[in-house]
Novice: 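Mind looking over this structure? Questions follow.
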Amino acid sequence: MRHRHRTPGGRRLAALLTGLALLAGLGAAGTSQAAETGAAAADETAVAVHYRSGNTSATADQIEPWLKLVNSGDQAVPLDELTIRYYFRAESPGTDYRFGCSWAVLGCANVTGTFGLLSAPTEDADRYLEIGFRAGTLAPGADTGDLQLRLHRADWQAVNQADDYSFGATQSAYGPWERITVQRAGTLVWGTAPEGNDPGEPGEPGEPGEPPSEELFDDFSYAAHNDPALAQNGWVVRTNSGGPGVPGASWPAENITFPEAEGGTVLNLESGTDGTPAGTEQSELFTSAVKFEQGTYAARVNFSDAPRSGPDGDRIVQTFFSINDLTAPMDPDYAEYDFEYLPNGGWGEPANILYATSWETYRPDPWEAVNTHTEERTSFAGWHDLVFTIDETSIRYYVDGRLFAVHGEPYLPERPMSINFNQWFIDLLGQPDTTTPRAYDQQVDYVYFAADTALTPGQVAERVTALRDEGVAFTDTVAAR
């Protein structure tokens, strides 16, 4: 079952810009110099957080940290080099949260927010909300003005602020608050984090653990879609018609190729259209085995914002996901967990957006869905390390090592799933006035799965590196479920 229709909604979780623009702008030749410049700038930064609580009740429907950044130094500070962390404790391990900006002098469009997990949880903090800025400069002696921010549970159940590290029950007026931290270019310049969690400081290296007893790894070292090893290693190249996507579109096997890239071969999924259903081709590769449930799913994926050829603008979806079949409408044992990137929008979105979506079930006709999702509205063009973990309490999605989303009940899986990649067109309305052919590529460097263990993104990277160093191009020791 590859049915993938849905219309996402919900609140915005904007993209986080981490203040590395300085390094990127100088290029590889200036990286060392830029790092020194950034460190020196951070050392000279005199930025403080002034905080008041928009809601001082111990229990509330949302947490409201209202903030001002104050520059008491004699140098201007680019705001996109600063990030703020507000620390709190989740109501339960699987609780999902949303960020919102109610009002900001700088404009809410210039304020970003995302969530992270602490490496060393404490009694009053296991997560943080990290605030960033898209633009602007904080002049000497100036402040940002009000940043009226909020965070709440995705299900809008009550939150207990009384046990949150950064919450100040007596902060009914703005004042300096050192239980909220500020970093500049990765260096702590204000505040005190919960014990053992200083931002910008590397953690102690852990002892190397034993490799997972059941794991799948594929480096995609194949010659073509009809390479016998591809099927022998448990992969299916889709050729059958049907959804998702444009009715009447085809799924040619030839659209799955393995070109040279990233120091070896990669999986390439090509999809193209001439603006007509008959001239629309989509692509998909998935595991024949349906045996993946709790554990760690990971892939290095190259999303593309523009077509390889032809005019740009189609509403295309580029994916990495796990799924099982819907045996009946609203089947309670259905499960699906998606990374879906829309470079040109769709589903009511006008521009690029990345979704992480967890499914409980759905009914195709009339359409009804039980799912939850988290999204970021920014470009994700280029290579990204995507990881999601599933255990008995939650599904956690990571992008490039940072926590992107946490989803809990009722979205945990009841049955094993397959692992899938596909690229398809939502519709043909993105470029309705042209029949010029265009082709889009999505690439995958590797895929990895570890059964019954939730690895961190760093542990995934270490394990993939170890397998490659050992010369392993493919292994599958995951037992059938």
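Starting from 1, each residue takes its place in the sequence as its number. Predicted model only: the values in this text are computed from it and were never measured.
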Novice: What is the minimum heavy-atom distance between Phe404 and Leu354, and which atoms define it?
Specialist: CZ-O, 3.7 Å
Novice: Side chains of Asn371 and Tyr337 only: does a donor on one sit below 3.5 Å from an acceptor on the other?
Specialist: no
Novice: State which residue, out of Gln442, Gln318, Gln443, fulfils the side-chain hydrogen bond (donor to acceptor under 3.5 Å, both in side chains) condition with Ser304.
Specialist: Gln318
Novice: Taking all atoms of both residues into account, what is the closest heavy-atom pair of Phe133 and Ile84, and its distance?
Specialist: CZ-CD1, 4.0 Å
Novice: I'd like to check Leu147 versus Pro65 (side-chain heavy atoms, cut-off strictly below 4.5 Å). Are they in contact?
Specialist: no
Novice: Would you call the rings of Phe115 and Tyr97 parallel, tilted or perpendicular, taking 30° and 60° as the class edges?
Specialist: tilted
Novice: Is Ser53 reaching over with its side chain to a backbone N or O of Asn55, donor-acceptor style, under 3.5 angstrom?
Specialist: yes
Novice: Hey, would you say the Phe88 and Tyr128 ring centroids sit under 6.0 Å apart?
Specialist: no
Novice: Below 6.0 angstrom between ring centroids: does that apply to Tyr397 and His407?
Specialist: yes
Novice: Between the side chain of Arg463 and the main-chain N/O of Ala466, is any donor-acceptor distance below 3.5 Å?
Specialist: no
Novice: Any donor-acceptor pair under 3.5 Å linking the side chain of Asn110 with the backbone of Leu106?
Specialist: yes
Novice: Would you compute the distance between atom CG of Leu129 and atom CD1 of Ile180 and round it to the nearest 0.5 angstrom?
Specialist: 9.5 Å
Novice: Nearest heavy-atom pair of Ile426 and Val317: which atoms, and what distance?
Specialist: CG1-CG2, 3.4 Å
Novice: Stepwise, does the side-chain hydrogen bond (donor to acceptor under 3.5 Å, both in side chains) test hold for Arg402 with Thr114?
Specialist: CA-CA 9 Å; Arg402 69 176 174 87; Thr114 191; 3.3 Å; yes
Novice: Is it true that Ser166 and Arg85 share a donor-acceptor pair across their side chains at a distance under 3.5 Å?
Specialist: no
Novice: Please determine, by modelled atom types, if Asp312 and Asn344 share a side-chain donor-acceptor pair under 3.5 angstrom.
Specialist: yes
Novice: I'd like to know if the side chain of Thr122 and the backbone of Pro194 have a donor-acceptor N/O pair within less than 3.5 Å.
Specialist: no
Novice: Check the pair Trp424, Arg315 against side-chain contact (heavy atoms from CB on, under 4.5 Å), reporting the backbone distance first and the verdict last.
Specialist: CA-CA 9 Å; Trp424 51 280; Arg315 297 171 179 173; over 6 Å; no
Novice: Is there a donor-acceptor contact under 3.5 Å from the side chain of Gln282 to the main chain of Phe425?
Specialist: yes
Novice: Does atom CD (Glu195) have a neighbourhood of more than 12 heavy atoms from anything else shown, all under 6.0 Å?
Specialist: no
Novice: Does the side chain of Thr95 pick up a donor-acceptor pair with the side chain of Arg153 at under 3.5 Å?
Specialist: no
Novice: Do Asp146 and Tyr174 meet the criterion of a side-chain donor-acceptor pair at a distance under 3.5 Å?
Specialist: yes
Novice: Could you give me the CA-CA distance, side-chain angles and deciding distance for Arg300 and Val447, then say whether side-chain contact (heavy atoms from CB on, under 4.5 Å) is met?
Specialist: CA-CA 7 Å; Arg300 181 165 171 78; Val447 65; over 6 Å; no
Novice: Any side-chain heavy-atom pair from Asn422 and Asn420 closer than 4.5 angstrom?
Specialist: no
Novice: May I ask you to check whether Tyr411 and Trp359 place their ring centres under 6.0 Å from each other?
Specialist: no
Novice: Evaluate the criterion side-chain contact (heavy atoms from CB on, under 4.5 Å) for residue pair Phe380 and Asn352; output intermediate values, then yes/no.
Specialist: CA-CA 8 Å; Phe380 280 86; Asn352 36 34; over 6 Å; no
Novice: Minimum heavy-atom separation for Thr181 and Ala193, please, with both atom names.
Specialist: CG2-N, 3.6 Å
Novice: Determine yes or no for a side-chain-to-main-chain donor-acceptor pair under 3.5 angstrom, with Asp61 supplying the side chain and Ala158 the backbone.
Specialist: no
Novice: Is there a donor in the side chain of Thr59 and an acceptor in the side chain of Ser57, or the other way round, less than 3.5 Å apart?
Specialist: no
Novice: Does either side chain, that of Thr435 or that of Asp274, offer a donor lying less than 3.5 Å from an acceptor on the other one?
Specialist: no
Novice: Search all heavy atoms of Phe220 against all heavy atoms of Asp445 and return the closest pair with its distance.
Specialist: CD1-O, 3.9 Å
Novice: Going by the ring pair (Phe, Tyr, Trp, His ring centres under 6.0 Å) test, name the single residue among Phe388, Phe320, Phe292 that passes it with Phe449.
Specialist: Phe292
Novice: Could you verify whether a donor N or O on one side chain and an acceptor N or O on the other, from Thr372 and Ser358, lie under 3.5 Å apart?
Specialist: no
Novice: Going from OG1 on Thr45 to CG on Leu82, what distance comes out if it is rounded to the nearest 0.5 angstrom?
Specialist: 7.0 Å
Novice: Determine, for Arg308 against Asp441, whether the closest basic-nitrogen to carboxylate-oxygen distance falls under 4.0 angstrom.
Specialist: yes
Novice: Would Glu123 and Arg89 satisfy salt bridge (Lys or Arg N to Asp or Glu O under 4.0 Å), going step by step from the backbone distance to the final call?
Specialist: CA-CA 8 Å; Glu123 290 185 356; Arg89 185 162 189 86; over 6 Å; no
Novice: I want to check something: taking the side chain as every heavy atom from C-beta on, are Ile419 and Tyr297 in contact at a cut-off of under 4.5 Å?
Specialist: yes
Novice: Do the side chains of Ile395 and Thr389 get nearer than 4.5 Å, heavy atoms only?
Specialist: no
Novice: Does the side chain of Glu293 come within less than 4.5 Å of Ile390's, by heavy atoms?
Specialist: no
Novice: Would you mind reporting whether Leu386 and Val399 have side-chain heavy atoms less than 4.5 Å apart?
Specialist: yes
Novice: Taking Thr374 for the side chain and Ala356 for the main chain, is one N or O donor matched with an acceptor at less than 3.5 Å?
Specialist: no
Novice: Regarding Arg468 and Asp219, does a basic nitrogen lie under 4.0 Å from an acidic carboxylate oxygen?
Specialist: yes
Novice: Enter the distance from Asp143:CG to Leu138:CG here, rounded to the nearest 0.5 Å.
Specialist: 7.5 Å
Novice: Between Thr192 and Arg179, do the side chains contain a donor N or O and an acceptor N or O under 3.5 Å apart?
Specialist: no
Novice: With a 6.0 Å cut-off on ring centres, are Tyr165 and Tyr86 close enough?
Specialist: no
Novice: Does a side chain donor of either Tyr51 or Glu178 reach within less than 3.5 Å of an acceptor in the other side chain?
Specialist: no
Novice: Would you say the side chain of Phe303 lies within less than 4.5 Å of the side chain of His384, judging by non-hydrogen atoms?
Specialist: yes
Novice: Give, for atom CG of Asp126 and atom CG of Asn197, the distance between the pair rounded to the nearest 0.5 Å.
Specialist: 10.0 Å
Novice: Main chain of Ala139, side chain of Thr137: is a donor-acceptor contact present, judged purely on distance under 3.5 Å?
Specialist: no
Novice: Start with the C-alpha gap between Leu67 and Leu149, add the side-chain angles, then the distance that decides, and say whether side-chain contact (heavy atoms from CB on, under 4.5 Å) holds.
Specialist: CA-CA 8 Å; Leu67 310 175; Leu149 311 177; 4.0 Å; yes
Novice: Atom CG in Asp305, atom CG in Leu342: separation rounded to 0.5 Å?
Specialist: 11.0 Å
Novice: Identify the heavy atoms of Ser92 and Arg127 that sit nearest to each other, and give their distance.
Specialist: O-NH2, 3.6 Å
Novice: Under 3.5 Å, is there a donor-acceptor pair between the side chain of Asp164 and the main chain of Phe167?
Specialist: no
Novice: Say whether, by atom type as modelled, one donor and one acceptor occur between the side chain of Gln423 and the main chain of Tyr440 under 3.5 angstrom.
Specialist: yes
Novice: Report yes if the side chains of Val182 and Thr83 come closer than 4.5 Å at any heavy-atom pair, otherwise no.
Specialist: no
Novice: Is a salt bridge present between Glu81 and Arg184, judged by a nitrogen-to-oxygen distance below 4.0 Å?
Specialist: yes
Novice: Could you check whether Asp314 and Gln431, counting side-chain N and O atoms only, form a donor-acceptor pair closer than 3.5 Å?
Specialist: yes
